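The next block holds one structure in the form of structure tokens; read it before the comments.
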Number of protein chains: 12
Amino acid sequence: MHILILHGPNLNLLGVREPDVYGHLTLAEVDRRCDDLAAQLNVTLCHHQDNSEGGLIDRVHAAMADCAGVVVNPGGYTHTSVALRDALAGAGLPFVEVHLSNVYKREPFRHHSMLAPLAVGQVAGFGAASYTLGLRALVDWLRERSH
Amino acid sequence: MHILILHGPNLNLLGVREPDVYGHLTLAEVDRRCDDLAAQLNVTLCHHQDNSEGGLIDRVHAAMADCAGVVVNPGGYTHTSVALRDALAGAGLPFVEVHLSNVYKREPFRHHSMLAPLAVGQVAGFGAASYTLGLRALVDWLRERSH
Amino acid sequence: MHILILHGPNLNLLGVREPDVYGHLTLAEVDRRCDDLAAQLNVTLCHHQDNSEGGLIDRVHAAMADCAGVVVNPGGYTHTSVALRDALAGAGLPFVEVHLSNVYKREPFRHHSMLAPLAVGQVAGFGAASYTLGLRALVDWLRERSH
Amino acid sequence: MHILILHGPNLNLLGVREPDVYGHLTLAEVDRRCDDLAAQLNVTLCHHQDNSEGGLIDRVHAAMADCAGVVVNPGGYTHTSVALRDALAGAGLPFVEVHLSNVYKREPFRHHSMLAPLAVGQVAGFGAASYTLGLRALVDWLRERSH
Amino acid sequence: MHILILHGPNLNLLGVREPDVYGHLTLAEVDRRCDDLAAQLNVTLCHHQDNSEGGLIDRVHAAMADCAGVVVNPGGYTHTSVALRDALAGAGLPFVEVHLSNVYKREPFRHHSMLAPLAVGQVAGFGAASYTLGLRALVDWLRERSH
Amino acid sequence: MHILILHGPNLNLLGVREPDVYGHLTLAEVDRRCDDLAAQLNVTLCHHQDNSEGGLIDRVHAAMADCAGVVVNPGGYTHTSVALRDALAGAGLPFVEVHLSNVYKREPFRHHSMLAPLAVGQVAGFGAASYTLGLRALVDWLRERSH
Amino acid sequence: MHILILHGPNLNLLGVREPDVYGHLTLAEVDRRCDDLAAQLNVTLCHHQDNSEGGLIDRVHAAMADCAGVVVNPGGYTHTSVALRDALAGAGLPFVEVHLSNVYKREPFRHHSMLAPLAVGQVAGFGAASYTLGLRALVDWLRERSH
Amino acid sequence: MHILILHGPNLNLLGVREPDVYGHLTLAEVDRRCDDLAAQLNVTLCHHQDNSEGGLIDRVHAAMADCAGVVVNPGGYTHTSVALRDALAGAGLPFVEVHLSNVYKREPFRHHSMLAPLAVGQVAGFGAASYTLGLRALVDWLRERSH
Amino acid sequence: MHILILHGPNLNLLGVREPDVYGHLTLAEVDRRCDDLAAQLNVTLCHHQDNSEGGLIDRVHAAMADCAGVVVNPGGYTHTSVALRDALAGAGLPFVEVHLSNVYKREPFRHHSMLAPLAVGQVAGFGAASYTLGLRALVDWLRERSH
Amino acid sequence: MHILILHGPNLNLLGVREPDVYGHLTLAEVDRRCDDLAAQLNVTLCHHQDNSEGGLIDRVHAAMADCAGVVVNPGGYTHTSVALRDALAGAGLPFVEVHLSNVYKREPFRHHSMLAPLAVGQVAGFGAASYTLGLRALVDWLRERSH
Amino acid sequence: MHILILHGPNLNLLGVREPDVYGHLTLAEVDRRCDDLAAQLNVTLCHHQDNSEGGLIDRVHAAMADCAGVVVNPGGYTHTSVALRDALAGAGLPFVEVHLSNVYKREPFRHHSMLAPLAVGQVAGFGAASYTLGLRALVDWLRERSH
Amino acid sequence: MHILILHGPNLNLLGVREPDVYGHLTLAEVDRRCDDLAAQLNVTLCHHQDNSEGGLIDRVHAAMADCAGVVVNPGGYTHTSVALRDALAGAGLPFVEVHLSNVYKREPFRHHSMLAPLAVGQVAGFGAASYTLGLRALVDWLRERSH
């Protein structure tokens, strides 16, 4: 089973950008933690980070070929992107939405997600662990349905 | 007379993506139907699909050189893109907004269009025929004004 | 195949009323253009204009007897009439909503349609051509479904 | 100079209906007071009361033939009728909007008028005198412009 | 004691129109069930259905002559008609508002009634039984007050 | 057939509390009137009043064992209780919502019901008769469906 | 009978300020027209213009000593001044609110008046004639009540 | 380390109530799965379910004595309970908010949580796994901070 | 004269819970300060704290027997409880609403009180002194009215 | 310790203006009651009433020289005055906001205070006693902080 | 060329009032910096500060006599004053709106300006430099137009 | 000191696009004017224009390496881009937001900026001079802080 880990805009700055909000881990370390868990869960991962909405959409389309699901942190596009929502719906891939920070503690415009109503579920507020919890949840969800 | 047919994000998935909403026609077939009508109306077309907002804006700018108008299905950018609206206004090209589905039957965030107030008119809900009706309307509108 | 062309309030003033908004064509000329296209499409039409909400509802009910669909320009009742919406839903007749002007360029209260969510589709902004495009779209839609 | 005095729904009940809100005068007496003032101002009047929105629209259309302006109390249609607004705009007749009661003292849905932005002016709260003040204002306004 | 049973727009389609929402009973059968109960309660009824707002208002005015109260299903005018509200208030007739369907299960624009604040009470959701329950409630209410 | 009559907070004060709003009947008398009608309809009743949201939820859960439906006056919890709504949905018991007063005549926060969209129907405004009408409606509805 | 004519902020600029909105008459001329009508109606006037909210309030308080009512054009304070509203209410003086322009044709923040719910009535849109109509209405209203 | 697993209203119906929304697992089974994971993580749990808001608050207060944190599914109180929010804030216990279903797929009133801004994080949409993921996240979070 | 001092949810944590918001005084000390003032004012008090909405309602009902008024800090139920509002209205007991903190400095959902429109008055922001000021105000108010 | 008692617009009418809302006490009597309490509390007072927003701001600025705090009844400026709020913030003087009437019982525009979030606390609804309670609270608050 | 520098309410406190928000410069020093720049730009200035809305309006009217434009910091009147807006529009003087602080970082009620739609432009957030930048921009704008 | 001048979507059309709104200057000329001022201020500039949100974000990230601050005209992304806001916050670069036109004179959706709350300040409405004023302000601000 192959899973796409998709990182939205500005996540390349992780570990650099506002550490009091997002922690000191770099994106490479987050990806490595996901890889460690993937090995344990016996799945493989591909990773992609993009600052462009179009780039994220293109990557979701490509995932239709070989991925069983997506763990996506849509970053700033979470709150406004109808196009990314349509890409995930159109690709027909089950996905879990994850956020590093507890978005409900932050500015009101971060409280609404365009993607959430189509997701399997959400995990938010646990830093890098949001990704590993989301990956674990997605793999379990996919395995349950594949029986 | 040369017309740009501009397809927004995720329309490359046409025929694949949610066929109960968008039908079974592929984008290539939609483009071919437009070409057939164009031949009948004695105009030529160019086609462009882009998942990126910036890519769509670039294509609108380029159309200033050789197009008399645009038939645009802005997809998910319909509802949020001030920048695409500004591109069409800035290019000074008359355009018709088309949608495959009846957007008013769907989620409330799809009921508002940033582009509509600047369009010549809208056509929505007729699948691929929304494009051919829109093309026919635009060509008539342009010919009436060129006399 | 028989189609009802239904004109809402004030459309009897067409060609007289605010020509900068609605153009110089009279309602009789709009009806004649529809008849021309109907002949070409091999369908027949009946026409009705009414300034009264109740009169429009009565006409929709009557159309259940012999019409396959309706092209309706609900005029000022577009934005408020639950009763006309219920009439079209109750009659079970597929309909296309048309507007002479681009309603999204005008006052905000004209941006919302009570009927749109039940329509096959909408055409707006092309003057009299909104009717002929709408008629063409409705006939195609009905023929596709009758196979 | 000929002026239409147009009374909306339920005004036939005047003198009967809720006298604590609308006073004890009947509609016939209101019309007579308007006639008295008209004689004094050297204009003629026609009067019409209708409970139907369509009937009011028809009467406005008819007034295009022989009236220079309208004094209208749109009653309950004040707050919702796009169609009556369009009729007055389409007829191109200057009009004054009058109300017997001070609508701003009553339920919030009575605080907004669909017609007011197109009127020459409004007079509200003076009972039958709202009509005579409105008539006087309209005649003065018309005479000033006819010079 | 004489009671008016007043049916709003589209109720003439009852038994035809959207049976999954409104059931299979025709309006004639609803009226007959009301008549049966009226006989049992020792009151007489008159029935009126109208698709026009003005027609309903006229009928309410007429009821001032010989009716003690009204059971009204205002249909699509429930949500928008200030004029019908004013007619019932002006006539000074106690009334019960009834709805065949549970309006709170349906579109949000059906959740608000312009008439409800003036009614004795409301009954909604029980199909034809909404009328008989409403009639029973109104007769009891009138008898209690006539002692 | 066994039916639960469920009274929400403060209904124990009935006959004491604000008689101009709720009338002079005590809760015991309301219950007795329901019992009288139940005997006539050949069903049995149990009654429960609770000032606590949790207590009402517990009682709904218990009713799953032996009741065919519920007549509920949720009192002040009508407008805010997601938990009571979930209890009724979870219990899978058909219910009728009743109110002593016409809630639409009162403060705006009383115009919205959290329970209404799940109810079979509502009866409001008839004092104690709201309960007996609601009981009659529920029993008829249940009997129709048990055939 | 003595009446206060009260002019709010910026009305000293009348005839200078935005003549396309307010006309070419100066405030002195408006006051003279009011004086002419006052003579005709057999009442006396005092006039006051103030750019300060506090100054207007002080003048209203002073009017309690010798005025029977107020014709007030509150200018820009119309839409926000709770304090001026309280002054008029506290003084217990009947007043008519007048506006030179049709405020409903202008920016939305001019559509709401803090004073209107307490006024006898409003007159708007007739230029200087709004004052004379308002004065006539107020004097009639006061005389009717003094009998 | 001791953790409280707190279940809000109606969760005692789990496995019974709306299985298409909440799945077929009973609450006892959910608790057992949490116990299994707790053993693995080397922590101990206490469990409490309550249909009463006050009961849940009491239990949170009691947890101050011996618990290091709370995994809470506040059920229907999620959306309205200021008091439960204050209890968790006042107790000073870190907590994770969990939901069985994806609340963003459901009615709009379920999209807002009173507790979320104070939580460490949220997990929603994974059925019983929401609890075990939430427990895992909370224990990791507590251990990281205890170093 | 006997007065009920009623403390809402979480006030049992006083002195423990968020001392930077609520201060270091315990509830027992607040009660003692009230008792001291009561002795001075020659009235007697009873005290009750409850975390349950139903418990608070029950206590208000009980107070009808022997209390002349209530000083109530409704805590988190201030903002949502229609039922507690109805209890106080139903009991017919004059009450003063008090808050330890200045609620207008805190989250927006704390700015609205369901109880305030029925209270004699409010006191907020003075810590324990809010209670003693409220008690003093209530006793004066009651004594003034008992003459 | 010197305290400013600041009265906003229209309070000079006290005892005259709407006695059913504000009581029969004059402002001089309110000031005398404050002076009596001040003597008892061993502080001195200065009093100022102003109908002008600018006058109130000037007085607050002047108070920086010799006052330790302010008891302010901002009257109609409570709800709109950013400038008075800024004056109190800029002067750095602790203040208590008082209202004679229970503002939450009155028009909705009186429910919001621009000043409240910056106040030490509020007292409302007790007539002249609101001032003496507010003065007592302010003096206690200042003395506690001066230790 | 003569320019008015107009300072709104509380700006006399500059350097005293909330230095963390507004900096340590006094108003005299701000005026001196403007004078220095004016000398450099070869224009003359007059300065006025007023805490009263009416005073500011009076000063704007006076500027019609000898000023070519206004640099205005409307302080707390920015957000609410229709009257100051009307004064600037009526005077027909081009103006630049300046703010010391970045108003978009502050309370939401500071995000909206009544004056901004009529200004040439705005400068905000640069402390005293907002004035000098605004003055420079206004002079350039006036000179460009005077050619 | 090195500064990035960042131009958002459609600014490449400057001088071409809607000259009545944006003026006749080309982007090259705007950049040259900035360079002239930069030389005068003894700083260096780099310029970038991008129609893509992702491209703008990438450029902001790159600027972390060698720029001390950013002058940004975010064009159509001003109003919607959370991602560009996050990029600027994440990069930790002070920035000034500039607009050619007075955005408050235009459509309401242009009145809100996602970036403004994080900016040092804004300059809007002065055409190309908005850039030079913004550059001047930013350099001064940076120099003040570097002492």
Side-chain angles (χ1 to χ4, degrees), chain C residues 6-27 30 48-60 72-85 87 97 99-101 103-116 124, chain D residues 4 6-12 48-70 72 74-95 97 107-120 122:
Chain C
L6 192 61
H7 308 286
N10 297 302
L11 285 159
N12 54 320
L13 295 188
L14 211 65
V16 177
R17 174 193 175 206
E18 302 170 281
D20 50 314
V21 179
Y22 300 102
H24 288 276
L25 242 55
T26 63
L27 192 64
V30 169
H48 185 74
Q49 191 274 335
D50 217 302
N51 288 328
S52 144
E53 197 174 358
L56 292 163
I57 294 167
D58 289 343
R59 191 60 192 84
V60 168
V72 58
N73 178 348
Y77 295 133
T78 304
H79 318 296
T80 56
S81 181
V82 179
L84 186 54
R85 172 190 174 119
E97 178 183 336
H99 296 284
L100 296 164
S101 64
V103 287
Y104 304 103
K105 265 195 186 124
R106 303 179 63 195
E107 305 95 325
F109 63 77
R110 294 196 204 270
H111 298 189
H112 176 258
S113 163
M114 287 304 296
L115 278 67
Chain D
L4 170 62
L6 191 61
H7 307 285
N10 297 302
L11 284 159
N12 53 320
H48 185 74
Q49 190 276 334
D50 218 301
N51 289 328
S52 144
E53 197 173 356
L56 292 163
I57 293 167
D58 288 344
R59 191 63 192 83
V60 169
H61 291 181
M64 295 169 74
D66 62 356
C67 290
V70 187
V72 59
Y77 295 134
T78 304
H79 318 297
T80 58
S81 182
V82 179
L84 186 54
R85 172 191 174 118
D86 286 353
L88 285 156
L93 289 169
F95 68 95
E97 179 184 335
E107 305 95 323
F109 63 77
R110 294 196 204 269
H111 297 189
H112 176 257
S113 163
M114 287 305 296
L115 279 66
L118 304 185
V120 171
Q122 304 80 30

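Only a predicted model underlies this, so the values are computations on that prediction, with no experimental measurement involved. Sequence lines set the chain letters: A, B, ... in the order given, protein chains first and strands last, and positions in each chain run from 1.
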Rounded to the nearest 0.5 Å, what separation is found between the [atom1] atom of [X] and the [atom2] atom of [Y]?
X       : Y        : atom1 : atom2 : answer
C/His79 : D/Met114 : NE2   : CE    : 8.5 Å
D/Asp58 : C/Asn12  : CG    : CG    : 7.5 Å
D/Thr80 : C/Phe109 : OG1   : CZ    : 11.5 Å
C/Leu13 : D/Met64  : CG    : CE    : 5.5 Å

Legend entry - Criterion side chain to side chain contact (heavy atoms under 4.5 Å, CB included) against C/Asn10, the qualifying member of D/Leu88, D/Leu84, D/Asp86: D/Asp86
Legend entry - Any side-chain heavy-atom pair of C/Glu107 and D/Val82 under 4.5 Å: no
Legend entry - Distance-minimising heavy-atom pair for D/Ala83 and C/Tyr77: CB-CE2, 3.9 Å
Inset, instruction - Measure C/Asp50 against the heavy atoms of chain D and call it side chain, backbone, both or neither at under 4.5 Å. - result: neither
